[in-house]
2 protein chains.
Amino acid sequence: MKIGELSKKCGLSIDTLRFYEKIGLLEKPLRDGGGHRVYDPEIMQWLGFLARLKETDMPLKKQIEYAKLRAMGNETAALRRILLEKHLQELTEKQARLKDNISTLKTKITIYRQIEKDIDDDEPKSDT
Amino acid sequence: MKIGELSKKCGLSIDTLRFYEKIGLLEKPLRDGGGHRVYDPEIMQWLGFLARLKETDMPLKKQIEYAKLRAMGNETAALRRILLEKHLQELTEKQARLKDNISTLKTKITIYRQIEKDIDDDEPKSDT
DNA sequence: CTAAATGCTGGAGTATACTCTAGGTCAAGT
DNA sequence: ACTTGACCTAGAGTATACTCCAGCATTTAG
């Protein structure tokens, strides 16, 4: 699989894939005779997981840290687990705050509805 | 209240408060005889709400849009409500994805624990 | 009254995460 | 063979959201 195809399949731009490689988030892929990158289809799983880390706002630096450990094999399992546990804890906290923010927002929206209703009562346009 | 005090109370740096003013997120406060900003304590409520918008990743541009509507008074209530409803919908989606990501992460962590256990079983250090 | 703290402005600098450009090379279809 | 599209590199540029700096004015504590 060449970079264009991978880009379409994973949703990251070609530039982003090369950028991720440059910063060490993706391992350097093999090259074909013409020097073009050739990706193993397995990379899709990895990119899928990275997408989750990204979606949950893990900074690239931490993702790279994780990727480096992953590249070292199973002996780094504990370190990776600890890294993910830390991240999980942040997410749990984020989830709580999000829940709270959503309910505040809902309250605010209700208040706005009331204001709109009050305005309507003051300025009845329907019968003028 | 002068800017230093407000900064301490609201948790934003002095630079950030001035920056928010510059980009139109905060209205220009009154000035005292010496040209120093003087804030109405009421601004704390507003900053508290902005903090929620920020915490939920509303970009400054949208916050500014909201702030401008707010500055126009009650007649913009409906517009502001719509803006918040849009944001709320995004947050609800984000909440669902977060829930999913959290459970994936938990699964992954469990797998790591198993790998660690397998490694321990292969390489028993305790009795060598 | 004076020194230290606080505040002012305009503009430059930083961090993060891409995104684009120039100037090529390589591959695929006709 | 030739043209078009995909790919290559190094490096510059962009967007967002601050953060810091120089050089000066004002305020406040002793």
Side-chain angles (χ1 to χ4, degrees), chain A residues 1-41 43 46-68 83 87 90 94 101, chain B residues 1-41 43 46-68 83 87 90 94 101:
Chain A
M1 184 166 41
K2 284 194 286 179
I3 199 166
E5 193 186 341
L6 178 59
S7 168
K8 268 166 206 157
K9 277 192 190 162
C10 78
L12 294 170
S13 76
I14 290 174
D15 277 322
T16 298
L17 286 168
R18 286 197 285 237
F19 168 69
Y20 280 179
E21 181 185 329
K22 190 162 69 180
I23 63 174
L25 181 57
L26 298 180
E27 288 184 71
K28 293 185 181 187
L30 296 173
R31 301 295 182 111
D32 66 12
H36 291 190
R37 291 169 180 81
V38 179
Y39 294 95
D40 188 313
I43 199 171
W46 174 227
L47 287 173
F49 184 64
L50 286 181
R52 283 183 185 271
L53 296 184
K54 177 182 172 177
E55 188 173 56
T56 53
D57 303 311
M58 183 185 281
L60 284 178
K61 272 193 183 179
K62 282 221 171 155
Q63 290 181 48
I64 292 165
E65 199 184 323
Y66 183 85
K68 297 288 187 210
L83 201 153
H87 189 53
E90 281 170 31
K94 189 172 287 192
N101 284 324
Chain B
M1 185 168 38
K2 283 194 286 180
I3 200 166
E5 194 186 341
L6 178 59
S7 169
K8 267 164 207 159
K9 276 191 190 163
C10 77
L12 296 170
S13 75
I14 290 175
D15 276 322
T16 298
L17 287 168
R18 286 195 286 236
F19 168 70
Y20 281 177
E21 181 184 329
K22 189 161 69 182
I23 63 176
L25 182 56
L26 299 181
E27 290 184 71
K28 293 185 181 187
L30 297 172
R31 301 295 182 111
D32 65 13
H36 292 188
R37 291 168 179 80
V38 178
Y39 294 95
D40 188 314
I43 200 172
W46 174 228
L47 288 173
F49 184 64
L50 286 180
R52 284 184 184 272
L53 296 184
K54 177 182 172 177
E55 189 174 54
T56 53
D57 302 311
M58 182 184 283
L60 283 179
K61 271 193 183 179
K62 282 221 170 154
Q63 290 181 49
I64 291 165
E65 198 184 324
Y66 182 85
K68 297 286 187 213
L83 201 153
H87 189 53
E90 282 170 31
K94 188 172 286 193
N101 284 325

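Each chain gets a letter, A, B and so on, in the order the sequences are listed, and its residues count up from 1.
- Not counting sequence neighbours, the partners of Thr56(A) by the side-chain hydrogen bond (donor to acceptor under 3.5 Å, both in side chains) test are His87(A).
- Legend: residues meeting side-chain hydrogen bond (donor to acceptor under 3.5 Å, both in side chains) with Tyr39(B), ordered by chain and number and at least two apart, are absent.
- Checked against side chain to side chain contact (heavy atoms under 4.5 Å, CB included), Lys2(B) has the following partners two or more places apart in sequence or in another chain: Asp32(B), His36(B).
- Residues from residues 52-65 of chain B placing a heavy atom under 4.0 Å of any atom in DNA chain C do not occur.
- First and last contacts of DNA chain C with chain A, using any nucleotide atom under 4.0 Å from a protein heavy atom and ordered 5' to 3', fall at dA17(C) to dA27(C).
- Residues meeting the salt bridge (charged side-chain N to carboxylate O under 4.0 Å, His left out) test with Asp57(A), sequence neighbours left out: Lys94(A).
- Qualifying side chain to side chain contact (heavy atoms under 4.5 Å, CB included) partners for Asp15(A), counting only residues two or more places apart in sequence or in other chains: Ser13(A), Arg18(A).
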**Base-contact (B) and sugar-phosphate-only (S) positions in nucleotides 2-13 of chain D, heavy-atom cut-off under 4.0 Å, - elsewhere** = -----SSB----

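- DNA chain C is contacted by both Tyr20(A) and Asp32(A); Tyr20(A) maps to the nucleotide lying nearer its 5′ end (nearest heavy atom per residue).
- OP1 and OP2 of dC18(D) both lie 4.0 Å or more from every side-chain N or O belonging to Ser13(B).
- For the atom pair SG (Cys10(B)) and CD1 (Ile43(B)), the distance works out to 8.0 Å, reported to the nearest 0.5 Å.
- Remark: Lys9(B) engages Met1(B), Glu5(B), Met44(B) in a side chain to side chain contact (heavy atoms under 4.5 Å, CB included) (not counting sequence neighbours).
- Taking the six-membered ring for Trp and thresholds of 30 and 60 degrees, Trp46(B) and Tyr66(B) have nearly parallel ring planes, at less than 30 degrees apart.
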List, one per line, each side-chain donor-acceptor pair under 3.5 Å for residues 19-31 of chain B, sequence neighbours excluded.
unit_1: Glu21(B); atom_1: OE1; unit_2: Arg37(B); atom_2: NE; d: 2.7
unit_1: Arg31(B); atom_1: NH1; unit_2: Gly35(B); atom_2: O; d: 2.8

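- Legend: residues meeting side chain to side chain contact (heavy atoms under 4.5 Å, CB included) with Glu65(A), ordered by chain and number and at least two apart, are Lys62(A), Leu83(A).
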